[in-house]
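Have a look at the structure below before the remarks.
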Protein chains: 2
Amino acid sequence: MATTTAAQRREQARHAYDAFMRDCPTNQLLGRLSDKWVSLVVAALSGGPRRYSDLRRKIAGVSPKMLTQTLRTLERDGILTRAVTPSVPVRVDYELTPLGRSLAGLLTAVKDWAEEHIEEVHAARERYGAEEAAAG
Amino acid sequence: MATTTAAQRREQARHAYDAFMRDCPTNQLLGRLSDKWVSLVVAALSGGPRRYSDLRRKIAGVSPKMLTQTLRTLERDGILTRAVTPSVPVRVDYELTPLGRSLAGLLTAVKDWAEEHIEEVHAARERYGAEEAAAG
DNA sequence: GGTAACTACTTACCAGAAGATACCAACTCT
DNA sequence: AGAGTTGGTATCTTCTGGTAAGTAGTTACC
């Protein structure tokens, strides 16, 4: 009976690592995931594969440097795949892996939260500013 | 019949804003939420109110500068409240607002994902490194 | 009475990361 | 021949985050 189910192993993993610890590798991983460009790239790819220039147009304001950098680290971490088609001109497609798709739901949820609650946040900022002025 | 339900207004809000746009305020908000310290602070407070030094101990490796900065912006944005008790020595409690609690679930989900999938990410990095060496 | 400790910060400094911009090579289209 | 497409580098400047030290107000200790 030395069998361990996938659920048990997941439960073990949850307790073996703690992102609150500075030297825990999950702390570093959380730092990578907590990135605006990561959120936007993963959200953009959640609808299906996209090309480099396609992502550049979709994610307004991203510089080629940051887009390439973000895509490379996400590829390295197994979140997405990079497929080069040696046509003319060359064509590069990016697509989420199953691992990436499991993450996409969570990151798009945060993005959607921002879109849904921006007005409450703005209202809070105005209240904060008013209190500051009254107190100052 | 000019009535609009809360659900309808939420739906409108979802379409009025687009975090992919550089100049959309939600893009900026997403940038604030996509922060390691924000994730850790909100996750730490999701279990109930905590004091400053309590947070400092819980979130290993955070500097007083970043902790204060993070707490101030989250207070300004209506995610948490700051309550000063003028005892001796002074005591400051931080607590999530209802808005903050609605966000906490999403951010702790990302943190939990990191803890659960760190080994898959490590495996992907090793594969990537091996391919690089073979190709290089 | 001096000084060490506790609280919750603030400030100054600097390395490294992020961002904007320009440029590249290869090819097609007009 | 000149402009436009592709998927990026290279470079320069600005900004952010980490480190380390200082601050204020009170109390406990010797």
Side-chain angles (χ1 to χ4, degrees), chain A residues 19-24 27-41 44-45 49-76 80-95 132 135-136, chain B residues 19-24 27-41 44-45 49-76 80-95 132 135-136:
Chain A
F20 285 117
M21 296 294 146
R22 179 184 17 198
D23 297 327
C24 183
N27 185 288
Q28 203 184 23
L29 177 58
L30 182 61
R32 294 231 142 271
L33 300 179
S34 299
D35 181 291
K36 188 174 76 165
W37 300 127
V38 168
S39 289
L40 292 174
V41 163
L45 289 175
R50 278 176 182 273
R51 301 175 57 179
Y52 182 89
S53 53
D54 193 14
L55 286 168
R56 230 183 123 174
R57 275 185 295 268
K58 173 86 176 170
I59 305 169
V62 68
S63 68
K65 175 190 164 185
M66 288 311 296
L67 183 54
T68 300
Q69 204 175 98
T70 303
L71 289 167
R72 285 292 141 80
T73 59
L74 289 177
E75 183 199 2
R76 188 196 55 161
L80 52 81
T81 57
R82 178 173 181 270
V84 182
T85 307
S87 60
V88 168
V90 66
R91 174 194 173 113
V92 182
D93 286 274
Y94 293 94
E95 186 172 11
E132 284 293 283
Chain B
F20 285 116
M21 295 294 145
R22 177 181 23 196
D23 298 328
C24 183
N27 185 288
Q28 203 184 23
L29 178 58
L30 182 60
R32 295 230 144 272
L33 300 179
S34 299
D35 181 291
K36 186 174 77 166
W37 300 126
V38 167
S39 289
L40 291 175
V41 164
L45 289 174
R50 278 175 183 273
R51 300 174 56 182
Y52 182 88
S53 53
D54 193 15
L55 286 169
R56 237 189 115 171
R57 276 185 295 269
K58 173 86 177 169
I59 305 170
V62 68
S63 65
K65 174 189 164 186
M66 285 313 295
L67 183 54
T68 301
Q69 204 176 98
T70 304
L71 289 167
R72 284 292 141 79
T73 58
L74 289 177
E75 184 198 2
R76 188 196 54 162
L80 52 79
T81 56
R82 178 174 181 269
V84 182
T85 307
S87 61
V88 168
V90 68
R91 174 196 173 114
V92 182
D93 286 274
Y94 294 94
E95 185 172 12
E132 285 293 284

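Numbers restart at 1 for each chain; the letters A, B, ... are given by sequence-line order, proteins then strands.
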- [ ] Calculate the interatomic distance between B:D54 atom CG and C:dT7 atom P; express it in whole Å.
- [x] 11 Å
Open item on the list: Using whole Å, what does the distance between atom C1' of nucleotide C:dA8 and atom CG of B:L71 come to?
Closed with: 11 Å
TODO: Return no unless some side-chain N or O of B:R72 is found under 4.0 Å from OP1 or OP2 of C:dT10.
DONE: yes
Open item on the list: Distance check needed: D:dG8 P versus A:R57 CZ, whole Å only.
Closed with: 14 Å
- [ ] Might you point out which heavy atoms bring B:A60 and A:M21 nearest each other, and give the distance in Å?
- [x] CB-CA, 4.3 Å
Open item on the list: Using a 4.0 Å heavy-atom cut-off, does A:S53 contact any base of the nucleic acid, only the sugar-phosphate backbone, or nothing at all?
Closed with: sugar-phosphate
Open item on the list: Looking only at the side chain of A:S63 (C-beta and beyond, no hydrogens), which of the listed nucleotides C:dA18, C:dA20, C:dT10 gets closest?
Closed with: C:dA20
Task: Side chain A:T68, main chain A:K65, donor-acceptor under 3.5 Å - done: no
Task: Pairwise 5' ranking along DNA chain D for B:K36 and B:P89, keeping only the more 5' one - done: B:K36
- [ ] Could you tell me whether A:R51 contacts a base, only the sugar-phosphate backbone, or nothing, with contacts defined as non-hydrogen atoms closer than 4.0 Å?
- [x] sugar-phosphate
TODO: Take atom CG of A:L55 and atom P of D:dT6, then tell me their distance rounded to the nearest Å.
DONE: 12 Å
TODO: Search all heavy atoms of A:L55 against all heavy atoms of A:L45 and return the closest pair with its distance.
DONE: CD2-CD2, 4.1 Å
Task: Rounded distance (Å) that lies between atom P of D:dT6 and atom CG of A:L67 - done: 13 Å
Open item on the list: As a test of reading the structure: which of D:dG18, D:dA21, C:dA18 is closest to the side chain of B:W37, going by heavy atoms?
Closed with: D:dG18
- [ ] Would you mind reading off the distance between A:M66 atom CE and C:dA18 atom P, rounded to a whole angstrom?
- [x] 5 Å
TODO: Give a yes or no on this: more than 12 heavy atoms of other residues, nucleotides or ligands lie within 6.0 Å of atom CZ of A:R32.
DONE: no
- [ ] Pick base, sugar-phosphate or nothing for A:R82, based on heavy-atom distances below 4.0 Å to the nucleic acid.
- [x] sugar-phosphate
Task: Distance in angstrom units between A:D93 CG and D:dT6 C1', rounded - done: 12 Å
Task: Close side-chain approach of B:F20 to A:L40, heavy-atom, < 4.5 Å - done: yes
- [ ] Measure distances between side-chain N and O atoms of B:K65 and base N and O atoms of D:dG18, and say whether any donor-acceptor pair falls under 3.5 Å.
- [x] yes
TODO: For A:G61, answer base if it contacts any base atom (sugar-phosphate contacts may also be present), sugar-phosphate if it contacts only those atoms, and nothing otherwise; contact means non-hydrogen atoms under 4.0 Å.
DONE: sugar-phosphate
Task: Nearest-Å distance for atom pair CD/P, residues A:Q69 and C:dG16 - done: 15 Å
- [ ] Return no unless some side-chain N or O of B:Y94 is found under 4.0 Å from OP1 or OP2 of C:dC9.
- [x] yes
Open item on the list: Side chain of B:Y52 only, heavy atoms from C-beta on: which candidate in D:dT27, D:dT9, C:dC9 is closest?
Closed with: C:dC9
